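What you see is a predicted model; the values in this text were computed from it and never measured. Both ligands and their constituent atoms are indexed starting at 1 by order of listing.
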Amino acid sequence: MDKQNRKAVIAGNWKMNKTATEGAALIDELIPAVAGAGCEVVICTPYTTLVTAVEKCKGTNIHVGAENVHFEKSGAFTGEISADMLVDLGVEYVITGHSERRQYFAETDETVNKRTLAGLNAGLKVIVCVGENLAQREQGVTEELVRLQTKIALQGVTAEQMANVIIAYEPVWAIGTGRTATAEQAQEVCAAIRKVVGELYGEAVAKATTIQYGGSMNDGNAAELLGKPDVDGGLIGGAALKADKFAAIVKAATEG
Ligand code: 13P
């Protein structure tokens, strides 16, 4: 099966939750809970927790990521953080294109592309988020929209760099709503994303690319979602803030 050739990746996206002190306590619980996982385990934390997270996760199987990155290397961009700054801290992953960034911070497909390139060029692994909102799903344009978002996000990304790209399909209507996409819906769109990656980079890259589902994934529904042939992992919001729930999802990925 192709799936065996891909890395299953379970990533937590903590969003704007946890002070560094609270985050440290969560990581202390997570370390034993996910030790020995058979999948890649990532926690993407607020910037303020990154130093603590990198320090605590050294020598463990937990990899640390940021939730966003600016596309310029340095300069007069008050409040922003560059890819080099993240790399210097020992951060390995970064999320780009999260729908909350698109919705509340006016990010466009073009800025998502620039951030993705900045992350990759600095040596980060990038989790690129795509996904439709409810109106778009009801209008029947999900596949076209996700294809477009994927194509623009990957402009200028080389086939070699695709080894460091994960694509997360996150339907906006499923994020933080408790309304999960069905496993069939997740599979359908993840397969469509793999198809577009194949068109851009060829079959071998498409087969090797990890594609996650995100949106109300939890310990109860993870196994079914992760059991689908094109769903290689999860990007987890709310359930990533509880060590036992996150560990249960990691276990489902290990067994799936
Ligand atoms: P929830 O798991 O809270 O729905 O969030 C999903 C998400 O947005 C992860 O990036």
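A salt bridge links E199 with K195: the distance from a Lys NZ or Arg NE/NH1/NH2 to an Asp or Glu carboxylate oxygen falls below 4.0 Å. Between E72 and K114, none of the side-chain N atoms (NZ, or NE/NH1/NH2) sits under 4.0 Å from a carboxylate O, so this pair counts as no salt bridge.
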- Query: Should Q161 and N121 be marked as a side-chain hydrogen bond (donor to acceptor under 3.5 Å, both in side chains) after you check the CA-CA gap, both sets of side-chain angles, and the distance that decides it?
  - Reply: CA-CA 9 Å; Q161 285 177 318; N121 291 336; 2.8 Å; yes
Contact table, ligand 1 N/O with protein N/O, distance under 3.5 Å:
residue: ligand 1; atom: 2 (O); partner: S216; partner atom: N; Å: 3.4
residue: ligand 1; atom: 2 (O); partner: G237; partner atom: N; Å: 2.9
residue: ligand 1; atom: 3 (O); partner: G238; partner atom: N; Å: 2.8
residue: ligand 1; atom: 4 (O); partner: G176; partner atom: N; Å: 2.6
residue: ligand 1; atom: 4 (O); partner: S216; partner atom: N; Å: 2.7
residue: ligand 1; atom: 5 (O); partner: K15; partner atom: NZ; Å: 3.2
residue: ligand 1; atom: 8 (O); partner: K15; partner atom: NZ; Å: 2.8
residue: ligand 1; atom: 8 (O); partner: H98; partner atom: NE2; Å: 2.8
residue: ligand 1; atom: 8 (O); partner: E170; partner atom: OE1; Å: 3.4
residue: ligand 1; atom: 10 (O); partner: N13; partner atom: ND2; Å: 3.0
residue: ligand 1; atom: 10 (O); partner: H98; partner atom: NE2; Å: 2.9
residue: ligand 1; atom: 10 (O); partner: E170; partner atom: OE1; Å: 3.1
residue: ligand 1; atom: 10 (O); partner: E170; partner atom: OE2; Å: 2.9

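The heavy-atom pair separating A33 from A243 by the smallest distance is CB-O, 4.5 Å.
Taking the side chain as every heavy atom from C-beta outward, I152 and V112 never approach each other to under 4.5 Å.
The backbone N or O of D232 sits nowhere less than 3.5 Å from a side-chain atom of T210 that would complete a donor-acceptor pair.
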